[in-house]
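First comes the structure, then the notes that go with it.
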There are 2 protein chains.
Amino acid sequence: MQARGMEQGASRVGDAYTRLKAEILSNRLLPGFQATEPEIAERLGMSRTPVREALIRLQAEGLVELVPRRGARILPVSAADMNDIYEILTALEPHAAAELALRRPDAQVLAPLEEATSDMEAALEKPDLDAWAAADDRFHRTLLELHGNDRLTAIASTLFDQAHRARMVTLRMRDMPHRSTAEHREILGALRRGDAEGVRRLFRDHRERAARELLHILERMGLPQF
Amino acid sequence: MQARGMEQGASRVGDAYTRLKAEILSNRLLPGFQATEPEIAERLGMSRTPVREALIRLQAEGLVELVPRRGARILPVSAADMNDIYEILTALEPHAAAELALRRPDAQVLAPLEEATSDMEAALEKPDLDAWAAADDRFHRTLLELHGNDRLTAIASTLFDQAHRARMVTLRMRDMPHRSTAEHREILGALRRGDAEGVRRLFRDHRERAARELLHILERMGLPQF
DNA sequence: AAATACTTTTATGTATGCATTAATGCGTGC
DNA sequence: GCACGCATTAATGCATACATAAAAGTATTT
């Protein structure tokens with residue numbers, strides 16, 4: 001997955017932000033990696049100023065830490081971090097999904113969710129785990145956008161980004177995510193029926209199970225940091 | 001209330017951030033106010049560089065908008081914004097409070113909440129609405145800190161700040177908040193008993209009622225922007 | 001008077017300069 | 001050989017310089 005959100009390519013700050021974020025999320029820049037502002041500036045072929053501003057944004061998003069005198073450090077995501085992130089998502093997403101269900105969305109509104117779910121199913125067949133993860137991500141982001149609380153969408157988006165790397169690593173250390181895919185299908189059905197409480201319950205279970213499985217894997221790996 | 005969080009007084013960026021944020025939250029700088037970087041820099045007695053970095057942070061927190069060529073604009077908080085903010089808080093705080101209750105916190109742990117509640121009650125007696133609002137704010141922030149999910153605390157803190165101005169204005173357009181204060185007392189009791197479901201329900205009702213009342217006032221005022 | 005073209009002003013985005021100060025390396029003393 | 005202190009290096013925080021481009025003002029024409 002590339003860095004989402006509005007295209008940030010017009011300015012040098014936007015360039016630096018987009019490129020650094022893409023390298024972090026794709027694990028091309030590993031957690032723990034440190035570099036000083038001049039180093040990064042040279043790597044990106046620009047002066048320190050736009051790099052600095054991009055780093056401030058990445059720090060606000062919880063992807064890097066700016067340690068005085070040592071430069072920017074790519075933040076690892078620990079099991080405890082993942083626990084915190086999933087706790088928040090478990091509080092937010094089921095609510096947003098249930099609210100959406102109350103509005104009785106028609107097929108046209110739900111079309112992007114339908115497509116994301118189909119893409120997940122198709123990706124499982126091939127199988128193509130990267131495509132699966134991208135479609136899964138798309139489902140969750142689209143659902144929040146349909147709900148329409150922009151602040152909520154932005155908050156969840158930041159959390160998705162923070163969790164992304166650990167998710168991608170653990171994704172390959174477990175069975176194919178048939179169950180998770182089926183749950184999306186179920187949630188979609190409940191949304192279509194306007195069954196708000198069903199949606200809430202299904203979504204909560206979906207997130208809680210995903211969190212449990214992920215933390216299990218992280219523990220089995222000896223609590224590494226991503 | 002002053003700008004909360006870590007004291008940002010050491011550097012010029014920190015100074016600019018703290019001072020601007022304090023002026024925004026206290027409504028000394030009104031929503032809609034615009035100023036260019038050189039103007040702000042002169043007002044604060046420093047160069048554009050630290051001002052710029054402070055403005056980037058304030059933009060990330062949703063307090064100002066940086067519009068190219070026109071400078072920084074203090075963001076108004078509309079009724080729709082307040083609705084979105086309260087929706088998120090209603091999803092997050094009852095959960096955090098219920099989780100805290102499950103841990104069966106003893107009197108020592110709950111002491112800061114007890115104190116905040118007493119302060120609210122005392123402020124109602126005087127009466128001192130500013131002191132009441134400060135104690136209310138302290139209760140909500142402390143509860144989240146006790147819960148211990150730092151990301152959740154940070155997210156809620158940003159939302160509190162965004163809602164602060166509208167809250168302070170509407171606070172003076174309604175009856176004394178006896179009900180709200182009593183609800184804090186009830187929540188505290190349920191926390192002490194470890195009654196997680198009770199805490200969740202009380203807190204959700206507390207937030208939902210507060211949101212309804214606030215939006216009513218905003219509507220009666222003709223949907224102004226703060 | 002209105003519209004258009006041109007000039008001037010100025011805010012921003014970025015680069016660079018500079019003082020401070022932390023970290024590193026080296027040498028000296030024990 | 002180890003610890004301590006000094007010198008050197010270099011990263012940061014901030015100030016300033018500069019190019020660009022948008023906006024505002026002015027003049028000119030119809």
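Model, not experiment: these values are computed from the prediction.
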Side-chain donor-acceptor contact under 3.5 Å, A:Thr181 with A:Trp132:
yes
Count the heavy atoms belonging to other residues, nucleotides or ligands that lie under 6.0 Å from CD of B:Glu42, then report whether that count exceeds 12.
no
Which of C:dT14, D:dA15, D:dG13 is nearest the side chain of A:Ser47? It is C:dT14
Residues passing the side chain to side chain donor-acceptor pair (under 3.5 Å) test with A:Arg204, sequence neighbours excluded, are none
Report the relative orientation of the aromatic rings in A:His184 and A:His206; use parallel for angles under 30°, tilted for 30 to 60°, perpendicular for over 60°.
perpendicular
Spacing between B:Glu39 atom CD and C:dT12 atom P, to the nearest angstrom
9 Å
If you round to the nearest 0.5 Å, how far is OG of A:Ser26 from CE of A:Met168?
10.0 Å
Rounded off to whole Å, could you give me the CD1-to-P distance for the A:Ile56 and C:dT14 pair?
13 Å
Below 4.0 angstrom, which residues in residues 62-74 of chain A have at least one non-hydrogen atom near DNA chain C?
A:Arg69, A:Arg70
With the side chain defined as heavy atoms from C-beta on, B:Thr36 is closest, among D:dC14, C:dA11, D:dG13, to C:dA11
Rounded to whole Å, CD of A:Glu42 lies from P of C:dA15 at a distance of 13 Å
Rounded to the Å, how far apart are A:Gln34 CD and D:dA11 P?
12 Å
Roughly how many Å is it from CD in B:Glu53 to P in D:dA15, rounded to a whole number?
11 Å
Is there a donor and acceptor pair, one atom on the side chain of B:Thr49 and one on the base of D:dA15, closer than 3.5 Å?
yes
Integer-rounded Å distance: D:dG13 P and A:Leu55 CG:
11 Å
Distance only, no hydrogens: is a donor on one side chain within 3.5 Å (strictly under) of an acceptor on the other, for A:Glu145 and A:His140?
no
What is the separation between atom CZ on A:Arg12 and atom C1' on D:dA19, rounded to the nearest whole Å?
11 Å
If you round to the nearest 0.5 Å, how far is CG of A:Asp150 from OG of A:Ser157?
11.5 Å
Quick one: A:Arg52 CZ to C:dT16 C1', roughly how many Å, whole number?
14 Å
B:Pro38 side-chain proximity, nearest of C:dT14, D:dT16, C:dA11:
C:dA11
OP1 or OP2 of D:dG13 sitting under 4.0 Å from any side-chain N/O of A:Arg48?
no
